[in-house]
Each structure stands twice: as structure tokens, then as C-alpha cells.
Amino acid sequence: MKAILLSILLFIVGCAHNSKDLNSEEKKFKDLLARHWDNNMERYPEWSTWVNYKGGIYNDRWSELSLESVEKNKDYTRSQFADLKEIDKEELTGKWRLYYDLYYADMEESIEGLQFPGHYVVMDQLGGFQQNIANLLSRMPTRTKKDYENILKRMESVPERIEANLTFLREGLKKGITPPKVTLSDVPRQFDAMIEGDFKKNPLVKAFQKYPQDFSEKQKRDFTSRAKKLLTKIIPAYKRAKSYVEKEYIPNCRKEIGFSTLPNGEAWYNYSIKSYTTLDKKAEDIHQLGLREVARIKAEMKKVIKKLNYKGSFKSFLKYLRTHPKFFYKKKEDLLRDYRAIAKIADGRLLRVFKKLPQTPYGIEPTPAYMEKSAPTAYYYRGNIDAGKPGIFYANTYDLKTRPKWEMVPLTLHEAMPGHHLQIMIAVEQEEKPELLKYGGYTGYVEGWG
């Protein structure tokens, strides 16, 4: 709770003094934050792409991915925390003390998490290398020739990235550190889009389907030709990965569902609760809270049902909501159209409540086909105005009979405005805030806001 309150206070404190007013310890701390940010961007190029660090100077490379790199990353985290401890907190004032408390809490949590081997779980039903490589390539800037050279450079290393991920899966299997088997049934299908032979349909080469207007026809042909050649090397690598996942990995994953069956699983689960919520609560506490909330919400629902003069049982009302044809679309285009209409109406009413709105625009797009079967009903990706990338609210159009109309308003307000897009992008657009602290976040706060 302390960390959440501190993150809220950052919006209130304001700019008590500018850089020239900083005392020596505040200057030291400010320099440390900048140095750690720069180091993180170089060490994790994928992250640097998402935030458009220095115009994308690391967009042609990947972070190191090997069993050896895990220990290197742990040492790196420990060194950052040691740096932070050299700062004298008592010499910090105003927002700089708040920044210190936030960063210290994040680093302390990161150090505690080093004991848990989550690095072996590089794939689950919601994501992993079977999707994330394509996601990154498709979200990279595509404005200049250099942008396309960066994409091609990364594509060159994709077969090695795939093999590195398989190494982690194999080691995790040996140690019994895997997702529950029952959750992975749809994962093999998620590879299919990556092994699609039709160049126009493969999401790995989405950037090469449309070029900037100032590109010559010769340049377009050249880039397309090079992408096609690289794709012929990537597809076999994904085919091998799918075969391993389908025939060896999934059949031997753990049958149990609970975290307690993992090594040090109970402590790992409690750590996850604290990480996501910032609260020192045990799983049973959360469960009991959930039961109370379900009872409270059910009571509110019964009041609504009574007002509607519905004569059936509570159970039959739920079935009515989930099955009556009037609550569902027959065409995907209609679902997307009305999501966009809801967003437009919401946008027009925001200034009644908020004085400050994000500069970065957002759009509503269908969930990519290769993700849709296992993806949630809706989710959000932050944008970056400097990279020419809007925020995206992805609406799942798969299996329309499971996408009722009555959930569309709350989902739009949650994922877009005034939900995730507004909160996240305003945080990112704070010019006075150190870069390192713009992109952190507390799930409990982010989802609570949404």
C-alpha cells in the first residue's frame, strides 16, 4: 500500500525545484537514475524499442538470452541495488525523496525475486516466444530506411532466439518448473501463424506489407526480397519449436495446477501476491476477500434483476445474458465498429472529469489472429508518440458468441479512456519525472485505476 500511495503522490508533489536547485545528494541520485536507465536500455534492447529510447539506437539487436545470462542479470540487479544504497536518503527532499522510496521498493522487490526461477517459464497460454517476437517486430518503427534495416537485422537472429528459448524450456522441464499442462492445450496452434508460408499473412513480416510513400519501388522490392529470404530460415526454426512443444514439452509438463507444486512454490506465490498488489497478504486472505466481493456483487446483481422484473432464477438470468442472440454480433466488423463508437463517445466526455489528457492518440484494433483463441477479451499496449505508435486497445473478435454487447462499455473504459491509455500515457508523458520511473508500475494500482 505504501508504494501505491507514493506513486499517487508523485502526481501531487509537483516541481518543487528544478535541476539547478538540487543539492549535491539529489544531483548524485538524479545522475544514478539516468545512468541506470541508460544501462537498462543497452542491456535490454527490446524494452528500449518499446519506449523508443534515443530514437531507437538499439533497435537492431536483442538482449542476451542464455542460461549464463541469467546469472549475469542477477549480478547486474544486485549492483544496481548497491549503487542505490550509496545515496543518503536523508539528504533528499520533496519529490526526490519520493523517487528514492519508489525506486528502493522496486529494487528491494527485484532482489527478493531473484530466488525464484521464473526464467524457465518462457511460454504459457497467454504469450511467449511463439508470439512475442512477432509482436515486437510488428510494433517497431517503420518510418525510415534505417527502421527497416533494424527489423531485418533482428530477423537474422530469430532462429537463434527460438533455440535459446527452447533451451530454457528443456531445463525447466528437467527441474519441474513449467506451466500446468492443462493450460497449454492451445499453445501449439499459436505457432501456426509463424510458420505461415504466405508472405502476406505471416505476422513476422507485417512491416513489409506497407511502406512509407517516399520509398522508391526499387527500395521496396529490395526490402521485401531480403525479408522473404530471412523468413525461409525462420519458418523451419518455428516448425522445430512447435514439434518440440507439442510432442515433448506439453506432454511432460506438470499435471498439478497450484503454485505449491513448484520448487519453493508457496513462498513464490506469496511473493507474486506482494509484487502484484504491494500488500503483505497471504493467498487465503486474498481468497476470502474474493469470496466477500463475489457475495457483495451478487447481491447488487439481484437488485438489478428485481428492477428489471425478471421472473426467473439468478442462474437462469445468467444463462439469458450469456446465450440470448440479441446480446451478440454476427459480424466481427460490427463488434469493432461499436467498440470504436463507444470510445468516441467516451472521449467527448473526458474533460468533464479530467483537466489533463494524454497527447498520444490511441486506436482500437482486432486481436491478431494468431493470438485470438487464447487471448483475453481485451487488452492494451501503450503507445509512443515519438516513434509514431499510438496506444492500441485490442478487442478480441474470435468466437463472437462469447463476446456479449453488455461488456463492451466497461471494457472500453477500462482498456482505453479513461482507463489504461489515459493513466499509463500521462505517466509516461511527465517530462520532469526520471525516465527510469516512468515505465514502472504497480499492477494493483494500474488495474485498480482501469
With sequence neighbours left out, the residues meeting side-chain contact (heavy atoms from CB on, under 4.5 Å) with V51 are W37, M41, W47, Y53, Y439

Those residues at least two apart in sequence (or on a different chain) that pass side-chain hydrogen bond (donor to acceptor under 3.5 Å, both in side chains) with T142 are none

What one should report as the nearest heavy-atom pair of Q131 and L126 is OE1-O, 3.5 Å

So salt bridge (Lys or Arg N to Asp or Glu O under 4.0 Å) across residues 122-136, not counting sequence neighbours, yields none

Using modelled atom types and a 3.5 Å cut-off, is there a donor and acceptor pairing between side-chain atoms of S79 and backbone atoms of Y76? yes

Contacts satisfying salt bridge (Lys or Arg N to Asp or Glu O under 4.0 Å) that involve residues 188-198 (not counting sequence neighbours) are D192-K242

Applying side-chain contact (heavy atoms from CB on, under 4.5 Å) to W62 and not counting sequence neighbours gives E46, I133, L136, R154, S157, V158, R161

Sorted by chain and number, sequence neighbours left out, side-chain contact (heavy atoms from CB on, under 4.5 Å) with R322 holds for L318

Give the table of side-chain donor-acceptor pairs shorter than 3.5 Å for residues 287-299, with sequence neighbours excluded, one pair per line with atom names and distance.
from: Q288; atom 1: NE2; to: E284; atom 2: OE2; distance (Å): 2.6
from: E293; atom 1: OE1; to: R296; atom 2: NE; distance (Å): 3.3
from: E293; atom 1: OE1; to: R296; atom 2: NH2; distance (Å): 2.8
from: E293; atom 1: OE2; to: R296; atom 2: NE; distance (Å): 3.3

Under 3.5 Å, which donor-acceptor pairs do the side chains of residues 406-418 form with other protein atoms, sequence neighbours left out?
from: W406; atom 1: NE1; to: L321; atom 2: O; distance (Å): 3.1
from: T412; atom 1: OG1; to: M408; atom 2: O; distance (Å): 2.7
from: H414; atom 1: ND1; to: G450; atom 2: O; distance (Å): 3.0
from: H414; atom 1: NE2; to: H420; atom 2: NE2; distance (Å): 3.0
from: H414; atom 1: NE2; to: E447; atom 2: OE1; distance (Å): 3.1
from: E415; atom 1: OE1; to: Y380; atom 2: N; distance (Å): 3.4

Can you confirm if the aromatic rings of Y100 and F29 lie within a centre distance of less than 6.0 Å? yes

Hey, what's the ring geometry for F317 with Y320, parallel, tilted or perpendicular (30° and 60° as the breaks)? tilted

Review point. Do Y148 and F208 have ring centroids that are under 6.0 Å from one another?
Key: yes

Will you find, in the side chains of T397 and Y329, an N or O donor that is under 3.5 Å from an N or O acceptor? no

Residue pairs meeting salt bridge (Lys or Arg N to Asp or Glu O under 4.0 Å), one or both in residues 390-404, sequence neighbours left out, come to D399-K401

(Q) Check for me whether the distance between the ring centres of Y104 and F81 falls short of 6.0 Å. (A) yes

The complete set of salt bridge (Lys or Arg N to Asp or Glu O under 4.0 Å) pairs with one or both residues in residues 368-391, sequence neighbours excluded, reads D186-K373

Exercise for the section: Determine, for Y99 and K433, whether the Lys NZ or Arg CZ falls below 6.0 Å from the six-membered ring centre while staying within 45 degrees of the axis. Expected result: no

Going by atom type alone, with no hydrogens or angles, which donor-acceptor pairs under 3.5 Å involve a side-chain atom of residues 344-361 and a protein atom two or more places apart or on another chain?
from: D347; atom 1: OD1; to: Y362; atom 2: OH; distance (Å): 2.9
from: D347; atom 1: OD2; to: Y362; atom 2: OH; distance (Å): 3.1
from: T360; atom 1: OG1; to: E429; atom 2: OE2; distance (Å): 2.7

Quick note, ring-ring contact (aromatic ring centres under 6.0 Å, His included) partners involving residues 185-204, not counting sequence neighbours, are F129-F191

